[in-house]
Amino acid sequence: MEIEVVELCLESLRSGCFPVGSVITNAEGQIISKGRNTIHESEPKGYPVFGNSIAHAELNALVSMKRIPDDLDVSDYVIYTSMEPCVMCFGAIYMSGIKNVVYGMKDGVGGGLNLYGLTQYYSRKKINISQNKKLEKIQAVLVGFLCDKSYVQRAGFWQTYISMYPAEYSIAEQLRESGVYDKIMANELGAAQFIDIVERSTRG
């Protein structure tokens, strides 16, 4: 599932958006919905929520999810996301009925998974939450490419990111210098290739 999620991340990056991707799979493991960050886009490009501050990857995946018939049980569905869902997105996931969340990078500023179990409402349903370490590494490297973007400076996000993921930021800087970032932006490098490059950089 990592390749599909990372491909959505790369699409967002090329579109000038924060590189987050999300997919939803059914009980058989088939992808039934996809979403990516579309905050800075003026056209839908296949995603129903775009052009505003709530156009997050998870929200797009959830809104795109077809629920026919209306009483379809989605409790066995899994939502994969490259970054810890924010408060808004975790609330939407919880309300959707999906009970399995797999995320990548921790969000030390806006992450919303700590909502689970915090109130009576957010304690009613059993939610299975797990972290995918490969997605964590890939997402953290992608965030490192955003060093020149003003929006990552808000609310102390960039400082928190640097303190949590210094090694991944260093890899991002190396990949930018070696031309990997330019190849991504030129659509000359796909998700599988990028994952392989990051893994080799980490081993090195």
Side-chain angles (χ1 to χ4, degrees), residues 1-15 17-39 41 43-50 54-107 111-113 115-116 122 124-143 184 187 189-199:
M1 217 54 62
E2 291 95 347
I3 292 176
E4 289 83 0
V5 173
V6 174
E7 193 59 65
L8 291 163
C9 291
L10 299 185
E11 283 182 24
S12 288
L13 187 65
R14 294 184 192 110
S15 298
C17 297
F18 199 99
V20 179
S22 179
V23 302
I24 297 173
T25 61
N26 61 18
E28 290 72 43
Q30 302 165 320
I31 295 176
I32 55 98
S33 184
K34 297 181 180 182
R36 64 172 177 81
N37 189 299
T38 53
I39 285 178
E41 296 184 44
E43 298 177 1
K45 297 181 181 177
Y47 303 101
V49 188
F50 63 95
I54 68 168
H56 291 194
E58 301 93 332
L59 197 62
N60 266 311
L62 290 166
V63 173
S64 299
M65 184 174 62
K66 306 302 181 186
R67 293 192 60 160
I68 302 173
D70 289 338
D71 61 351
L72 177 66
D73 182 10
V74 300
S75 60
D76 288 334
Y77 284 23
V78 183
I79 183 165
Y80 296 83
T81 179
S82 59
M83 190 165 176
E84 179 184 0
C86 69
V87 172
M88 174 188 72
C89 290
F90 180 67
I93 292 167
Y94 191 88
M95 292 178 185
S96 75
I98 293 174
K99 295 186 177 181
N100 304 282
V101 180
V102 179
Y103 73 99
M105 179 184 140
K106 287 285 294 180
D107 184 348
L113 291 180
L115 277 180
Y116 183 52
Y122 283 111
R124 289 169 56 188
K125 292 185 282 190
K126 170 64 176 174
I127 305 292
N128 302 304
I129 299 172
S130 61
Q131 187 178 30
N132 181 304
K133 301 303 286 185
K134 181 182 287 188
L135 278 179
E136 178 185 30
K137 188 184 305 176
I138 296 296
Q139 178 69 68
V141 171
L142 285 171
V143 172
I184 290 173
N187 204 10
L189 197 69
Q193 294 168 294
F194 181 64
I195 291 170
D196 182 61
I197 289 170
V198 171
E199 290 186 330

Which heavy atom of [X] sits nearest to which heavy atom of [Y], and what is that distance?
| X | Y | answer |
| --- | --- | --- |
| Y116 | K126 | OH-CA, 3.4 Å |
| A55 | F50 | CB-CA, 3.6 Å |
| R14 | L189 | NH2-O, 3.0 Å |
| V74 | G97 | CG2-C, 3.6 Å |

Exercise. How far apart are the C-alpha atoms of V141 and F194, what are their side-chain angles, what is the distance that settles it, and do they pass the side chain to side chain contact (heavy atoms under 4.5 Å, CB included) test?
Worked result: CA-CA 10 Å; V141 171; F194 181 64; 4.0 Å; yes
Seminar exercise, completed: Applying side chain to side chain donor-acceptor pair (under 3.5 Å) to Q131 and not counting sequence neighbours gives E136
Using atom types as modelled, flag every donor-acceptor pair under 3.5 Å from a side chain in residues 82-94 to any protein atom, sequence neighbours excluded.
unit_1 : atom_1 : unit_2 : atom_2 : d
S82    : OG     : G21    : N      : 3.1
S82    : OG     : Q139   : OE1    : 2.4
E84    : OE1    : D107   : N      : 3.0
E84    : OE2    : L113   : N      : 3.2
Y94    : OH     : Y121   : O      : 2.7
Y94    : OH     : R124   : N      : 3.2
Y94    : OH     : K125   : N      : 3.0

Measuring only between side-chain heavy atoms, which start at C-beta, is [X] closer than 4.5 Å to [Y]?
| X | Y | answer |
| --- | --- | --- |
| K34 | L8 | yes |
| V143 | F18 | yes |
| I79 | S22 | yes |
| L142 | L10 | yes |

Problem set entry | Candidates T25, I24, N128, I127 - the one meeting side-chain contact (heavy atoms from CB on, under 4.5 Å) with I98 | I24
State the [atom1]-[atom2] distance between [X] and [Y], to the nearest 0.5 angstrom.
| X | Y | atom1 | atom2 | value |
| --- | --- | --- | --- | --- |
| L59 | I54 | CG | CD1 | 5.5 Å |
| I197 | Q193 | CD1 | CD | 6.5 Å |
| S33 | E58 | OG | CD | 11.5 Å |
| K45 | T38 | NZ | OG1 | 9.5 Å |
| E7 | S12 | CD | OG | 10.5 Å |
| I195 | K134 | CD1 | NZ | 6.0 Å |

Exercise. Hey, mind stepping through I31 and M1 against side chain to side chain contact (heavy atoms under 4.5 Å, CB included) and telling me if it holds?
Worked result: CA-CA 9 Å; I31 295 176; M1 217 54 62; 3.6 Å; yes
Problem set entry | Pairing of E41 and R36 as salt bridge, 4.0 angstrom limit | yes
Problem set entry | Partners passing ring-ring contact (aromatic ring centres under 6.0 Å, His included) against Y80 (at least two apart in sequence or in another chain) |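 With neighbours one apart ignored, the set is empty.
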Exercise. Do L135 and V6 pass the side chain to side chain contact (heavy atoms under 4.5 Å, CB included) test, and can you show the C-alpha distance, the side-chain angles, and the key distance before you say yes or no?
Worked result: CA-CA 8 Å; L135 278 179; V6 174; 4.0 Å; yes
For this session: For the pair N100 (side chain) and Y77 (backbone), establish whether a donor and an acceptor sit closer than 3.5 Å, ignoring hydrogens and angles.
Result: yes
